[in-house]
Amino acid sequence: LTRDDLLTGNVRTAALGGTVALAKLPAVGEPPPAVQARPLLAVFGRHDVSAGTLAGTIQVGGTIGIPTAVAAITAYNITIPASIEGRKPATLTDLEIHGIWDGASGQLDVLGHESATASLHLSVHGRPDQLATLEAGLEAARLDIAPFTAFAPGPLVAAKGMLTASLKLHGLDPDRGVTSGKLLLEN
């Protein structure tokens with residue numbers, strides 16, 4: 001945002017540009033450094049995370065009126081203490097979040113693993129101003145949802161159970177949207 005943008009009233013067309021990082025920006029071509037998840041997630045009120053690291057960047061561009069962004073965030077070994085005494089703590093081995101916003105539509109891809117056999121893949125794309133165009137898919141295999149709740153808002157932080165799912169959503173419209181597949185949440 002320049003002085004000329006303000007004086008001419010062109011604030012909405014002022015260029016945006018920059019990178020937000022979870023830690024000090026790395027040298028060009030280097031991966032972003034990791035930060036401890038516990039103190040970072042505590043800022044958002046999540047005090048039950050006992051271990052793990054986060055890394056990532058969000059690149060911002062476009063204009064103030066039509067911003068764009070590209071995000072790449074990873075989490076490793078996010079651990080939540082066991083809710084039942086004697087059980088192992090729930091651990092999210094790895095989680096990759098990739099998102100793109102081009103100013104009108106977006107894409108989100110989330111891939112996470114708890115083990116070689118327990119995984120999650122969520123993908124969403126479309127335009128939020130045209131809900132009928134949104135498409136999403138969810139694949140989950142014997143996934144303990146407890147470690148994922150470290151990133152959940154409000155009452156969802158208490159969610160527990162093993163999730164197995166294969167769902168497809170075509171359009172987020174109550175009259176014309178189509179959801180197909182199966183979802184099983186076991187205790």
Side-chain angles (χ1 to χ4, degrees), residues 12-23 25-26 28-35 37 40-41 43-44 46 52-78 92-114 118-145 147-154 156-157 159 163-185:
R12 291 184 49 80
T13 60
L16 290 175
T19 301
V20 177
L22 294 178
L25 281 173
V28 174
E30 294 292 318
V35 297
L40 183 60
L41 292 174
V43 170
F44 300 98
R46 294 308 315 264
T53 59
L54 298 167
T57 59
I58 302 170
Q59 297 174 330
V60 180
T63 64
I64 288 179
I66 304 174
T68 62
V70 175
I73 298 172
T74 56
Y76 295 102
N77 298 315
I78 302 298
L92 176 60
T93 305
D94 62 80
L95 179 71
E96 295 181 21
I97 303 170
H98 296 277
I100 298 173
W101 177 254
D102 69 9
S105 65
Q107 297 178 50
L108 177 66
D109 194 57
V110 179
L111 181 60
H113 298 91
E114 290 175 347
S119 63
L120 167 86
H121 184 209
L122 170 70
S123 61
V124 180
H125 63 91
R127 293 179 56 124
D129 63 338
Q130 297 175 7
L131 296 179
T133 69
L134 287 177
E135 293 194 7
L138 171 66
E139 298 291 331
R142 300 222 16 92
L143 190 75
D144 180 353
I145 63 173
F148 285 91
T149 65
F151 305 100
L156 290 177
V157 300
L163 177 67
T164 300
S166 180
L167 292 174
K168 298 281 185 213
L169 171 70
H170 299 282
L172 190 58
D173 180 315
D175 296 323
R176 291 183 224 109
V178 176
T179 302
S180 60
K182 65 179 182 171
L183 182 133
L184 176 62
L185 184 59

Where [X] and [Y] come nearest, the two heavy atoms and their spacing:
X    : Y    : value
L108 : V110 : CG-CG2, 4.1 Å
S119 : H113 : CB-CD2, 3.6 Å
G103 : T68  : N-CG2, 4.0 Å
P67  : I64  : CD-O, 3.7 Å
L167 : G181 : CD2-C, 3.8 Å

Next item on the list: Answer yes or no: does atom CG of L185 have more than 12 heavy-atom neighbours from other residues, nucleotides or ligands under 6.0 Å?
Entry: yes
[atom2] on [Y] to [atom1] on [X], rounded to 0.5 Å:
X    : Y    : atom1 : atom2 : result
L95  : I78  : CG    : CD1   : 8.0 Å
T74  : E96  : OG1   : CD    : 7.0 Å
L184 : R142 : CG    : CZ    : 9.5 Å
K182 : L138 : NZ    : CG    : 12.0 Å
E139 : T164 : CD    : OG1   : 11.0 Å
L92  : L143 : CG    : CG    : 8.0 Å

Next item on the list: Could you check if a side-chain atom of T57 sits within less than 4.5 angstrom of a side-chain atom of V70, using non-hydrogen atoms only?
Entry: no
Next item on the list: Flag the pair F148 / L163 as yes when at least one side-chain heavy-atom distance between them is below 4.5 Å, and no otherwise.
Entry: no
Checklist line | Flag for E114-T93: side-chain donor and acceptor within less than 3.5 Å | finding: no
Show which side-chain atoms of residues 120-129 pair as donor or acceptor with protein atoms under 3.5 Å away, not counting sequence neighbours.
residue : atom : partner : partner atom : Å
H121    : NE2  : D109    : OD1          : 2.7
R127    : NE   : D129    : OD1          : 3.0
R127    : NH2  : D129    : OD1          : 3.4
R127    : NH2  : D129    : OD2          : 2.8

